[in-house]
Each structure stands twice: as C-alpha cells, then as structure tokens.
Protein chains: 2
Amino acid sequence: MSTTPTVYDVAERSGVSIATVSRVYRNPDSVRAQTRERVLAVARDLGYVPSGNARGLASRSTGVLGLCFPDYSDPDAESEVEAGHGDEADDEAAMLYSDQIIRGMERAARRHGYALLIAASLKGGPESLVAKVAGRVDGFAVLARTVPTEDLEVISRRQPVVMLAGPRESNQLDHLDHIEVANSDGQRELTRHLIEDHGLRRLAYVGFAEESPDVEARFRGYVEACRAAGIEVGAEPDLRVPMMTQAEGARAADALLDRLGDRPEALLFANDQMAVGALHTLERRGLRVPQDVAVTGFDGIALSRLVRPAVTTVRQPMRRMGEEAVELLVRRLSGGQPAQNAAEPVSMTLPVSVVRRASCGCKPA
Amino acid sequence: MSTTPTVYDVAERSGVSIATVSRVYRNPDSVRAQTRERVLAVARDLGYVPSGNARGLASRSTGVLGLCFPDYSDPDAESEVEAGHGDEADDEAAMLYSDQIIRGMERAARRHGYALLIAASLKGGPESLVAKVAGRVDGFAVLARTVPTEDLEVISRRQPVVMLAGPRESNQLDHLDHIEVANSDGQRELTRHLIEDHGLRRLAYVGFAEESPDVEARFRGYVEACRAAGIEVGAEPDLRVPMMTQAEGARAADALLDRLGDRPEALLFANDQMAVGALHTLERRGLRVPQDVAVTGFDGIALSRLVRPAVTTVRQPMRRMGEEAVELLVRRLSGGQPAQNAAEPVSMTLPVSVVRRASCGCKPA
DNA sequence: ACCTAGTATGAATGCGCTTTCATTCACATA
DNA sequence: TATGTGAATGAAAGCGCATTCATACTAGGT
C-alpha cells in the first residue's frame, strides 16, 4: 500500500521470474495461458501498473509524440465574441491555431498508437520546456519560433523533429522535416480579389515587427498582387505591430487612419486577431465595414466568422498540418534509426483557401 | 552520431563524473561555475538532452499530468456548419467538449510546471490506453466512462486520479476526487423555461441508451421541471439512442415525429450534437424551428451557436473543469505521498447556465 | 602549523523494466 | 534408449539518471 508494486512484487507473488511478468504484458502469446492468467490475477490484486518510465528506459522508446506551441492565448479573444455577436461570453468559440493542430496530431497519433504530449512555451521559463518534452517523446513537432534555434539544433540530432509553419530555417536547421502553408499564394489571391473583384486600389498592409517568415511570405504575396495590378507599394508593410493581438490590431487601425492622407479602402492584416481588433476601432470611429473600409485577416480561426461583420480571410489547414506532422514523425520513427538521418528532409507546403465573407463585401453583414 | 549521448558521454568528455553532470541540470548552483560551463559546453557540443525516462525512473516522478477522454469525434460535425450556415466547411468551428477540457488542463498544468499527456480511448484497443498514460504521469484526469471501473480502481491506488463529469461511482471508486456539473439543475431550468416562458407543454426527451450518469441526471432535471408544472412524464426518456451523435439525433427526430400521435412542441436532447442533427431532419420534413417545434441541446459546444437556428442549450464550464482537475491533482501531489491517501476525496459540482437562442424562440433565427 | 567547517566532486547503488542467452522440459523421432 | 526440437521460463545485464555517502580540498580560526 505504501509503495507501489513493481514487476518484482508480481513475480514473487505469482512464483515466476520478472522476465515472465514482463512478457505477459509485452508479448502475451509467448507465455503459457495458465501462467499468464496467474500473473494477471496477481497484478490485478496488487494494483500493478507497468512504469512507463522504466519501460521507456529499457526499450528506448516511449510511444509518445510531442508538440511544443507558443502561448498565443489572447486574453481579449474571449470577450470579443460577446461584443461582436451580442451573445454571452463564449470561451469555447475561440479555438486557436494551436488547438487545431493539437486535434490533428492527437487523432493521427492515436491511429498510429501514440499518445500526445503537449506543452506551451512559458515565456521565459528557466528550464527550457523543450528539454522537458524532448526527453520524454520519440519525436515531436514544433510550432515555428517556439524553441530557440540552438536548442532545436541540438535536439534534432537526437530524435525526429518537424517544424510547423514558417519556412525552413536556412542555417543549421535545414535537415528538419518541415510543413508550411502557402502563405504567399493565399495573400496574393486575397489581395487580387480585393483589387479585381471589388475594385479597391488604396490598400494598406499591417504585419509583424519581429522577423516572421510567415508574415514576410504573406506580405510578399500582397506585394505581388499589387504590382500585378499596377499598384505601387513599398518594400515594407504600411505598419508593423509588436504583437499580432487584437489590441494591436485596434491600435494599428487607428494609427493607419490617422496617418494616411486619403483613407485606405482596405486594411489587410497578417492575421485574424488583428483584423478583429481593427473592426472595433472602425466601429468606434463610425466607419462602416466594408462600405467605408474593407478588412481582411489571415488564418481562418473560428473567431473570424463569429464577429460581425464576419472577416474575410485565408484559411490554413491547421488540423491537417497536425496530421501530416505525425505522419512524418511516424515515418522517420519506423524507418529504422539509421535511416532517420539518412533520409532526405521532407518539406511540404499545404494549400490554403480564401474565405470570402462580409468584411470585404462578399456577403451581407 | 549513431547513438544518442548520455550523461556518461558528457561526463567523460568534460572530465567530471556523471554525478556532476546530473547536478548541472538538477541543481546548477551546487556546481562551481567554471565546471558547470565546461559541462554545458560539452553537452551542447554533443547534442545531449537528458532522458525524461531515466529521470523519471530515478526520481520517481515525471512532471507530467494526463487526460484520458473518449473518442467522441463526430464525423458529421465538420460538414454541418456548411449546411447550416451556408459557409464553407469549417473544421475549426467544431470545438468539442474534450478540446475545452484539454485547453483548461493545459493552461493550469503549465502554471504549475507540468506538461500534459493526452490520449483518447481507442474503442476496443487491446492495450488499455490508460495503462499507457497512467504509467507515464504523476496523476491524471479521466472523463467518465472512458476507463473501465476495474482498471481505474487499480490505478487509483497508485496515483491521484480525478474523475470528470459523471457522478462518483458508488462502488469502489468513491475515494477518487471528482468534478461534475449541475446536470440536473441545468436541464430543469431549461425545461422550466420552455414550459413557463414559452408555454410549451408537449415535450419529448431524447437520451442515451447506455447507462450514463450525466444523461440520467439531466433527464431527472427534465422530469422534475415537468412534474412541477403538472405535466405528466414517464420514468424513461421518450427515446434512447445508441450514440449521442448528429446522425442519431437526426434519426431520433424522425422516429419521434413518426411515433407520437400529436406532434411534440419541443424536442429536448441530452446533448448539442443530437440537437443539431435533429435540426436537419426537421428542415427536411418542412417543419420550422422554433415555430413548429422547439429544439434544445446540452453542453454549449461552439457548433450549437453556429447552426441556424442557433441551438438553445445548457453551457457547461468545461474549460474550468479542466483547470480545477489540475488544481486537485497538484494538491494531492504536493501533499506528500502519505497525505495522498489520507485526504478526504473532494467532490465538486460546477454550475451551468442556460443559453437562450433561436431554437426555442428566444432570439430571431 | 593544526583542527574545523564548509564546498565541490566522485563512487556506487538503485529506480522498474526489456531483452538476449541459456536452460529446462516435454515429446516426437530414430 | 539416445537424440533432436521447439516451447516456456529464468538469469543477468543493462537502459540513463538521481542521490546518498564518502572524500578531497579550501579557507578560517587559534
């Protein structure tokens, strides 16, 4: 009662060796039925549960896959729905990027007999959470920018790692498998839509200050579409924000409207949360969306459709990204250890789709 | 390169003993700065990452909390939104019960320095997934009916377990901590609302065939409200379905409408998914909701608000349930091993709230 | 110069299980 | 009866780390 039972206890009480006890769990058929039953009975009686740690140590594999994601929780997000929709506060409406990936990974992992260990990066934790995760899984996925490149480099020498969202780091991480979405294509198509289908030409783009491959790619798509339409644009977004939250989006809209001489006809944001924040600013300033100003986001999170007007955006197949990540990991894992290093790194780009809603004028508000 | 580096490798290359290497990670201050740096440099060079398994084995604690949840995924769920809302397929809209709990647990776990291991029960997997989880965590939460009572009984003797949703099993599991929601209160209030505020009196309840404490409690609330209003009801739901999915909900609505002589004025379902399924059936049959028939669900999942008409339901604080679960576990874990058994089992009931929407006639469709 | 209280480090043991490899046993074959 | 076979089981050696205890060393104190 005081100490948890081990193989030794079970072995002793059932008159067999620990090897047999182990076999009963690992490979039941290799033990005579009669013996097996006896062992199982004792185990049940004692309350024995094999230690995953010991198991993992001895067999050097855990049957667990991991995911490290950034703590992007947006405190605003939860009250937004209320404000925008007139319904009660609805925390379950705000399904984040990472939630989708978790779901995708969990499902795929289960199919392959793995469990999923998830951990969000604490901003400046002393102990790198990665080390914690990395030490207990057979392989894991990392959302871009969650883990210091340096750490990743070290860890990826030890076990399969797949990088999610964001291009392959050019430096030392180019041996990682990698999954991204067609950021550039999506933003280009969305921009083209605004220009050609809605006839808008005075556009403004709001991105992220810190270097972010995704945002850069999106901005690139924006620029391409503009140039293709003969609209001149700078090499930089019209505004860069410090964080891609709703609060910053709201502030950005204000700044942009104050700054630019003639009001832009459309504000394009690098993600949905900022776009939603901007909606508020515009309402406060008495501007109608999309009549006075069109607004678009990127990501396709649930929130984007719940606010009014619903935000036109680019949907990323986040769930699928999670599934693909697991597939990649499993493939590496089953390919025999040597092959793990030998195999060429895989890099896939998942397609995105433009979702036309009310905020650009495609649907009634 | 071929074999992953261990403490031994690091120790050797940096000219210290493995004990020192271990200390560098566990208790950095106990090692002279100069030595520490040397060790860390070698570790970085070698690509060393401490093995969580070995760590766990030696220190008998993992720093991981677990969650076992049932595989309630509803394949229909994803196309529903499209049909009901006229928008594109929107997989991110369907945030399930378990997703919320995961989120709550993850967040609380992170606050306490734990990671989260999640695993859905494969229907009839040979290896109990519980064993898999149980063996690798310090404690875990179980969604009711995910794990055979017998297994739970065994495992709970070994580590803290908190049971989520569903009343305390009366038999042998009454020493587990336990969190449930006010199922009965919620359903009673919702029913009262239909009767008193909307003047409906011909009601029909659809529940679950298999014994489910939650559904039973909900039905009980329904019965109480009916009786209080002088409406006679049987001791059994009007219909029991084999699974609480949309497909079953749709089928149930058909069956109910065909069977009952005079059409019920309201269909009350034991969860949202069934209610949403019923919406389709009603539309197909040319019945208007809520004018011809009111429909209600239970749970308050995101889907319930996205369909048209939005479904009136009872919201459960699932996220909070996840958080509370972690708090409970952490408390047990930090209370010293002996206290773990000594402490009285905690049982808490979280409040729910009725969400009035269009499907009962409270809001415009 | 000698003893003491720390401090930094090493040696050794054990955590609970998996996994060869060897052994035993029951039978079938010669 | 001697021999070979395959099945069931045991013995023992790790897996990679934490930790206790012992030891070497440092700096004070007298």
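All heavy atoms count here, side chains included; hydrogens, waters and symmetry mates do not. Proteins get letters first, then strands, A, B, ... in listed order; numbering begins at 1 in each.
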TODO: Could you state the atom-to-atom distance from CZ of A:R26 to P of C:dG16 in whole Å?
DONE: 17 Å

Open item on the list: Counting the atoms with a prime plus P, OP1 and OP2 as sugar-phosphate, which does B:S22 contact under 4.0 Å by heavy atoms, base, sugar-phosphate, or nothing?
Closed with: base

- [ ] Pick base, sugar-phosphate or nothing for A:V21, based on heavy-atom distances below 4.0 Å to the nucleic acid.
- [x] nothing

Task: Most 5' of B:R32 and B:S59 on DNA chain C, judged by nearest nucleotide - done: B:R32

- [ ] May I ask you to list the residues of residues 11-20 of chain B, by number, that have any heavy atom positioned under 4.0 Å from an atom of DNA chain D?
- [x] B:I18, B:A19

- [ ] Name the closest nucleotide to the A:R60 side chain, picking from D:dC15, D:dC17, C:dA8.
- [x] D:dC15

Task: Note, A:S156 side chain near A:M163 side chain (heavy atom, < 4.5 Å) - done: no

Task: Side chains of B:Y114 and B:L329 in contact at under 4.5 Å (non-hydrogen atoms) - done: no

Open item on the list: Output the rounded distance in Å from CG (A:L57) to P (D:dA18).
Closed with: 11 Å

Open item on the list: Side chain of A:V31, heavy atoms from C-beta onward: which of C:dG16, D:dT9, D:dA18 has the nearest atom to it?
Closed with: D:dT9

Open item on the list: List the residues meeting side-chain contact (heavy atoms from CB on, under 4.5 Å) with A:R13, not counting sequence neighbours, and say none if there are none.
Closed with: A:V42, A:D45, A:L46

Task: Separation of C:dG16 P from A:N53 CG (nearest whole Å) - done: 10 Å

Task: Short side-chain N/O contact to D:dC17 OP1/OP2 from B:Y48, under 4.0 Å - done: yes

TODO: In whole angstrom, give the distance that lies between atom CZ of B:R136 and atom P of C:dC17.
DONE: 12 Å

Task: Of residues 36-45 of chain B, the positions that come close to DNA chain D - non-hydrogen atoms, cut-off under 4.0 Å - done: none

